[in-house]
Each structure stands twice: as structure tokens, then as C-alpha cells.
Amino acid sequence: MSGPRVRFAPSPTGFFHVGSARSALFNWFVARQDPEGVFILRIEDTDTERNREEWVDGIVSAMNWLGMHPDEGPFRQSDNAPAHAHALSSLMAAGYLYFCDCTGEVVTARKGADKTPGYDGFCRDRALGPSATAAYRFRAPSGGEIVVSDDVRGDVSFSHDVIDDFVVAKPSGAVLFALANVVDDRADRITHVIRGEEHLPNTPRQILLWEALDEASGEKIAIPHYAHLPVLVNEQRKKLSKRRDPVAVEMYRDQGYLPEAFVNYLALLGWSPRGDVEIVDSDTCIQQFRLSDVSHSPAFFDVKKLAHLNGEYIRALPLEQFVQRCSPWTSPWTSPWRSEQAPPWSDAQFDEDRFAKIAPLVQERVALLSDVPAMVDFLFLDAPLFDDAAFDKTIRRDSVAQELLTKAIEKFGEVDWSATALHDCTILLGESLQLNLRKAQAPIRCAVTGRLVGPPLFESLELLGRDVVLSRIEAALTKAAA
RNA sequence: GGUCCCAUCGUCUAGUGGCCUAGGACAUCACCCUCUCAAGGUGGAGGCACGGGUUCGAAUCCCGUUGGGACUGCCA
């Protein structure tokens with residue numbers, strides 16, 4: 001007995017969506033649970049109007065980033081066109097299909113007040129032949145019902161009467177999603193169809209097609225298990241939309257989310273590991289994941305929680321790892337890929353050793369790797385990037401602060417240049433002006449780093465060196481006087 | 001409108017008839033730690049949508065109501 005064969009079948013019509021990523025992940029879990037499991041990537045590119053090759057690259061690279069490597073594929077649905085055409089003609093030959101040249105308006109007008117949804121079956125018995133306007137419709141059965149047994153939800157039944165004679169191919173013979181998907185799943189011997197809840201209404205039709213194909217092709221293939229995952233929603237509880245919501249996986253990568261954190265978070269949407277733990281690696285997920293444990297209700301994609309998780313993962317990184325993983329944001333010129341956000345410093349200004357020294361202090365302060373540059377830019381730039389509001393408040397409009405800075409130039413000129421000595425020196429400096437350390441460090445921090453927040457000040461000063469620190473304080477005093 | 005799905009703190013969830021005085025996590029609030037900001041520590045507030053049943057016993061089972069969602073394409 002071979003293992004499960006699952007597929008992730010996105011259509012390349014936009015950025016790689018977080019909801020798609022979650023579907024892919026759950027498929028991947030199921031495949032990896034069995035040593036013989038197979039995870040297939042199939043690009044569903046039959047909608048030539050909207051597909052773009054660049055989106056295919058996006059899907060592949062995002063999946064690669066997340067560590068979900070397909071065992072087979074990427075296949076192109078379009079490469080399977082001959083099989084689709086063959087399925088179409090055998091279904092037609094077996095009487096499952098008929099031609100229909102009704103336009104949407106004609107159908108609506110004819111139905112009038114009739115509230116039954118879908119096509120009214122007008123062309124069912126007209127025995128039309130192929131033409132430039134005749135689409136292929138499936139002769140849906142009437143009476144009785146069809147039961148979808150769903151591994152997540154249990155049995156869901158649909159009355160045959162609500163399944164209309166749906167279109168399976170355009171007049172050109174171009175096969176549409178419902179059929180193409182089934183033909184490919186049969187060819188790939190898919191055992192589990194794990195996809196978003198939005199496909200649940202398609203499922204009875206696809207089962208009908210599957211059975212029709214069993215008959216028409218003379219080859220009976222076991223119907224796969226189906227599992228429909230709850231949708232991901234936004235704060236308004238609407239399905240995440242490519243237009244309104246930040247759903248592009250690529251964007252999260254660019255912002256400095258770690259793939260392992262992202263995968264962990266995705267796994268938590270609609271599922272949870274055993275016990276009171278949430279931070280789990282993918283091996284644990286693979287081991288524990290069961291489709292029957294997946295939640296039935298929609299989940300809100302909470303970026304705040306994602307960010308928190310990411311911070312946890314960042315802090316858990318060994319220091320060298322952290323430094324290395326910062327490179328797309330800190331030294332993109334040596335990195336295998338670069339963030340769209342370039343650092344404010346140049347290749348020549350960046351000092352790897354200096355960054356390595358400040359890194360441990362930065363590591364525990366950031367939730368996103370893209371937050372790193374703003375935290376350390378003062379170490380590499382010739383002059384700090386000033387936060388004007390902070391400068392005005394802490395230095396320009398504060399004469400005591402300026403007095404403190406003036407004294408600092410003198411004291412810092414002769415102190416031992418170490419973080420602890422600078423710390424003690426600043427305490428004394430503050431005391432001489434009735435300022436506690438909290439107050440005393442602020443103008444120095446602002447003068448030297450340009451900001452009021454950042455890594456611990458005295459370690460920063462030590463790294464910067466006496467000459468730079470003194471000249472920055474002088475520059476700040478000059479700037480305040482201007 | 002029709003079909004289908006769903007319903008535990010603001011959010012993600014644990015919970016499969018007694019272990020529930022409903023647990024954890026994010027967010028939030030307070031305090032502690034502290035050179036800023038974080039991180040960390042301690043504590044607090046906060047939920048079974050509602051109404052009926054079934055049962056000795058219901059967050060858990062059944063029915064109804066209400067509310068939300070998906071779908072309703074010659075898209076996928």
C-alpha cells in the first residue's frame with residue numbers, strides 16, 4: 001500500500017496568498033506524515049486571461065522559502081490539455097454532456113421569477129452540435145442526493161436538485177476548472193484533496209464528474225478523500241482579499257519574518273498542537289497533525305500574534321545565525337537575496353564586525369528583521385539620522401541638556417572608554433545637574449544616535465569610539481544653537 | 001433570495017457528558033526589573049450567542065432562534 005498523494009494546486013493570478021500557503025502547508029503535513037507520502041505542486045493555469053508567468057515564479061520561490069518542497073512538479077495544468085480534451089470527448093460520447101448556446105442574459109430572462117439557481121436545462125434535449133457559441137454542459141442527475149464525506153467536517157449532503165447543468169468547457173473546447181481539476185487529480189492518483197472551504201460547493205459536482213469519468217473512460221479510480229479548510233478572514237470577518245488585505249507571502253518575507261515562524265503561525269490557524277504550547281517546529285506539526293482535528297470555523301489572520309511569534313524565533317536564534325539572517329537588510333550586497341528596503345548605509349560604510357558586536361543587543365529588541373537597520377544605522381553613517389521632534393524636545397529646547405552635553409564633552413574626553421566607565425561617568429554627570437540617569441542619558445543618546453530609542457547607550461558609545469562620540473556631541477550642540 | 005458551512009475571552013485556540021470554579025497564547029491593564037526601547041518576571045480583567053429539550057449531570061448530544069461566513073461565472 002502506497003502513501004497519501006496530495007497536491008497543492010494554485011492558480012498564478014497574483015501574489016502568493018497566505019491562505020494558499022496555509023492550504024499548501026496542511027497538504028504538506030499530510031504528505032510528510034507517511035514516508036511514502038507524495039506532495040505535488042500543480043500550477044492551475046487554464047485561465048489564460050489572468051495567468052502570468054511571474055506569479056508562477058512567486059509561488060515556487062515562496063514555497064521554497066517556507067521549506068515546502070514538492071516531491072513532484074511543478075506541473076502545468078496547461079501541459080495536460082490533451083488529456084482534458086480526451087476526457088471531454090469521452091464524456092460527450094458517453095452522453096454526459098450536451099452543447100448549449102444560451103447566454104447568461106437569455107437564461108435569466110427565461111427563468112423570470114423562478115428562484116432556482118443556475119442553468120435551467122433549456123438545451124438539454126435540443127441535440128445541438130458544436131459551434132463557436134456552444135459551451136459544453138454536464139447533464140446533472142436529478143432526484144436523490146450526493147454526500148461529500150469530508151475529513152474535516154464529516155458528511156455534507158447536497159440534493160441533486162440544486163446542482164444545475166454546469167459548464168465544463170468553453171465552445172473552443174477549453175476545459176474549465178471543475179473538469180480539468182478532476183482529470184488531473186485522476187491522472188495524479190490524488191488520494192486527498194485538501195483545499196479551502198470555498199471549494200466545498202464545487203465538490204459534489206466534481207464527484208459527479210469523477211464518477212462520470214469512471215464510466216466514460218472505463219477506468220474506475222478511487223474517489224479521493226476531501227478536506228475543506230476553514231477560510232482565513234480579515235478583521236471584518238470577510239475572506240482575506242488580495243485587493244484589500246496584506247496577504248502576499250512575499251511581503252512578509254520582505255519584512256523580515258522568519259520562514260519557520262511563519263510556518264508555525266500558519267499551522268496555528270485552524271489547528272493546534274497538543275498541550276499548552278504554541279511554538280512548535282514543523283516536525284512536531286507533521287507528527288501531530290490530523291485533518292479531523294482541524295477547526296470548522298474561519299480564522300482571523302492576526303499579524304500581531306505573528307509578529308510576537310517571530311520575535312520569539314528571532315531571540316531563539318544562535319547569535320551567528322541571527323547576524324547571518326539579517327544580511328538581506330543589513331548588507332544586501334553580500335546576501336543571496338535582498339529586501340526591497342535598502343539600508344541607509346553603503347557597502348563601504350557597513351562594518352561587519354561592529355554589527356556582530358551590537359547584534360546581541362539588537363536581537364532581543366526586534367520582532368522583524370526589517371526593524372534592524374533603524375536600530376543600528378548610527379553605527380555606520382557618518383552622521384546620525386535625526387528624529388527632529390526628539391531633538392527639539394530633548395536638546396534644542398532644553399538648556400540643562402545642553403549644559404550636560406557640554407560637560408560630557410569634557411568628561412568623556414578623559415574617561416576610560418568602556419561601557420561601564422561611561423555609565424558611571426554619566427551618572428556623575430547627571431548628579432551634578434540634579435538629573436537621574438534616565439534623564440541624563442536622553443540628550444546623549446539623541447545627540448549620538450539621533451533617536452530616543454535604540455540599543456543600550458553605553459555599549460553603543462563604546463563601539464562608536466571616543467572621537468566619533470565627541471564630535472557628534474559637538475555637532476549636536478552646534479545644531480541646537482543654529 | 002437559494003444551497004451549504006460555522007458559532008468557547010477582543011483574537012487564535014484547548015475542551016469530544018462528570019477531571020471546568022472553562023486551560024493556554026496574542027492583544028490589553030497594573031506592578032517588578034531597568035540608561036531609552038524592548039525582552040523578562042508577577043498579577044488582573046476578559047468567554048461557552050440565545051431559548052428549549054435529553055440526562056443524576058451539558059461548553060460538550062438534539063431541536064429551534066439569532067448572528068456570521070462561503071458559494072451562487074463560458075474564474076479558480
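First the proteins, then the strands, lettered A, B, ... as listed; each starts at 1.
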Are A:Asp101 and A:Arg126 close enough, and set up right, to give a salt bridge (Lys or Arg N to Asp or Glu O under 4.0 Å), and what steps lead you there? CA-CA 10 Å; A:Asp101 61 2; A:Arg126 288 176 69 206; 3.3 Å; yes

Which whole-number value in Å describes the distance from [X] [atom1] to [N] [atom2]?
{"X": "A:Lys305", "N": "B:rG24", "atom1": "NZ", "atom2": "P", "value": "13 Å"}
{"X": "A:His308", "N": "B:rU11", "atom1": "NE2", "atom2": "P", "value": "19 Å"}
{"X": "A:His228", "N": "B:rA76", "atom1": "NE2", "atom2": "C1'", "value": "13 Å"}
{"X": "A:Arg153", "N": "B:rA70", "atom1": "CZ", "atom2": "P", "value": "13 Å"}
{"X": "A:His199", "N": "B:rC4", "atom1": "NE2", "atom2": "P", "value": "20 Å"}
{"X": "A:Asp150", "N": "B:rU3", "atom1": "CG", "atom2": "P", "value": "20 Å"}
{"X": "A:Asp185", "N": "B:rA76", "atom1": "CG", "atom2": "C1'", "value": "13 Å"}
{"X": "A:Leu369", "N": "B:rA38", "atom1": "CG", "atom2": "C1'", "value": "15 Å"}

Look at all strands and tell whether [X] reaches a base, only sugar-phosphate, or nothing, counting heavy atoms closer than 4.0 Å.
{"X": "A:Ser157", "value": "sugar-phosphate"}
{"X": "A:Cys446", "value": "nothing"}
{"X": "A:Ala442", "value": "nothing"}
{"X": "A:Tyr136", "value": "nothing"}
{"X": "A:Asn436", "value": "nothing"}
{"X": "A:Pro171", "value": "base"}

Suppose we define a pair by two distances each less than 3.5 Å, Watson-Crick or G-U wobble; what does [N] pair with here?
{"N": "B:rA59", "value": "none"}
{"N": "B:rG10", "value": "B:rC26"}
{"N": "B:rU34", "value": "none"}
{"N": "B:rU3", "value": "B:rA70"}

Is a donor on one side and an acceptor on the other found under 3.5 Å between the side chain of A:Ser89 and the backbone of A:His86?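 Checking the backbone N and O of A:His86 against the side chain of A:Ser89, a donor-acceptor pair under 3.5 Å is found.
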
Is the side chain of A:Asn264 donor-acceptor paired with the backbone N or O of A:Glu278 at a distance under 3.5 Å, no angle test?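 The answer is yes, because a donor-acceptor pair under 3.5 Å joins these two groups.
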
Side chain of [X] only, heavy atoms from C-beta on: which candidate in [options] is closest?
{"X": "A:Arg137", "options": "B:rC74, B:rA38, B:rC5", "answer": "B:rC74"}
{"X": "A:Val167", "options": "B:rC71, B:rC74, B:rA14", "answer": "B:rC74"}
{"X": "A:Gln441", "options": "B:rA38, B:rU36, B:rC6", "answer": "B:rU36"}
{"X": "A:Leu200", "options": "B:rC5, B:rU13, B:rU36", "answer": "B:rC5"}
{"X": "A:Leu176", "options": "B:rC75, B:rG69, B:rA7", "answer": "B:rC75"}
{"X": "A:Phe300", "options": "B:rC12, B:rC37, B:rA70", "answer": "B:rC12"}
{"X": "A:Val162", "options": "B:rU3, B:rC74, B:rA76", "answer": "B:rU3"}

Would you call A:Glu105-A:Arg110 a salt bridge at under 4.0 Å N-O?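 A:Arg110 and A:Glu105: not salt-bridged.
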
Can you confirm whether more than 12 heavy atoms, excluding those of A:Phe380, are under 6.0 Å from its CZ atom?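 Yes.
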
Does A:Tyr313 have A:Arg315 sitting over its ring (NZ/CZ under 6.0 Å from centre, angle to axis within 45°)?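 No, A:Arg315 does not sit over the ring of A:Tyr313.
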
NZ or CZ of A:Arg137 within 45° of A:Phe166 ring axis and under 6.0 Å: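 No cation-pi geometry.
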
[M] and [N], which share atom name [atom1], separated by this distance in whole Å:
{"N": "B:rG53", "M": "B:rA59", "atom1": "P", "answer": "15 Å"}
{"N": "B:rC61", "M": "B:rU55", "atom1": "C1'", "answer": "10 Å"}
{"N": "B:rC12", "M": "B:rC74", "atom1": "P", "answer": "34 Å"}
{"N": "B:rG15", "M": "B:rC20", "atom1": "P", "answer": "14 Å"}
{"N": "B:rU36", "M": "B:rU42", "atom1": "C1'", "answer": "23 Å"}
{"N": "B:rC48", "M": "B:rA38", "atom1": "C1'", "answer": "36 Å"}
{"N": "B:rC19", "M": "B:rU3", "atom1": "C1'", "answer": "42 Å"}
{"N": "B:rG2", "M": "B:rA45", "atom1": "P", "answer": "45 Å"}

Taking atom types as they are modelled, is there a donor-acceptor pair under 3.5 Å from the base of [N] to the side chain of [X]?
{"X": "A:Arg438", "N": "B:rC35", "answer": "no"}
{"X": "A:Arg451", "N": "B:rC37", "answer": "no"}
{"X": "A:Arg237", "N": "B:rU11", "answer": "no"}
{"X": "A:Glu278", "N": "B:rG24", "answer": "yes"}
{"X": "A:Asp276", "N": "B:rA14", "answer": "no"}

On the 0 to 90° scale, with breaks at 30° and 60°, tag the A:Trp271-A:Phe29 ring pair as parallel, tilted or perpendicular.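 Taking A:Phe29 first and then A:Trp271, their aromatic rings sit tilted (interplane angle of 30° to 60°).
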
Given that A:Pro298 and A:Val156 both sit by RNA chain B, which one's nearest nucleotide is further toward the 5' end?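 Going by which nucleotide is closer to the 5' end, it is A:Val156.
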
Closest-nucleotide ordering on RNA chain B, the 5'-leading residue of A:Arg315 and A:Asp302: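 Mapping each residue to its closest nucleotide by heavy atoms, the 5'-most match is A:Asp302.
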
Does [X] have a side-chain nitrogen or oxygen under 4.0 Å from the phosphate oxygens OP1 or OP2 of [N]?
{"X": "A:Thr46", "N": "B:rA76", "answer": "yes"}
{"X": "A:Lys170", "N": "B:rC75", "answer": "yes"}
{"X": "A:Lys238", "N": "B:rG69", "answer": "yes"}
{"X": "A:His423", "N": "B:rC35", "answer": "yes"}
{"X": "A:Thr426", "N": "B:rC35", "answer": "no"}

In residues 454-462 of chain A, what residues come within less than 4.0 Å of RNA chain B, judged by heavy atoms?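 Contacting residues: A:Gly454, A:Pro455, A:Pro456, A:Leu457, A:Phe458, A:Glu459.
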
A:Arg237/A:Glu235 under salt bridge (Lys or Arg N to Asp or Glu O under 4.0 Å): CA gap, chis, key distance, verdict: CA-CA 5 Å; A:Arg237 298 253 122 212; A:Glu235 261 172 313; over 6 Å; no

Yes or no on salt bridge (Lys or Arg N to Asp or Glu O under 4.0 Å) for A:Arg42 and A:Asp185, after CA distance, side-chain angles and deciding distance? CA-CA 10 Å; A:Arg42 183 169 73 220; A:Asp185 283 347; 2.7 Å; yes

Quick one, A:Arg76 and A:Val56 - any side-chain contact, counting heavy atoms below 4.5 Å?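 SC-SC contact between A:Arg76 and A:Val56 confirmed.
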
From A:Phe138 CZ over to A:Leu176 CG, what is the distance, rounded to the nearest 0.5 angstrom?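 Here the interatomic distance stands at 14.5 Å.
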
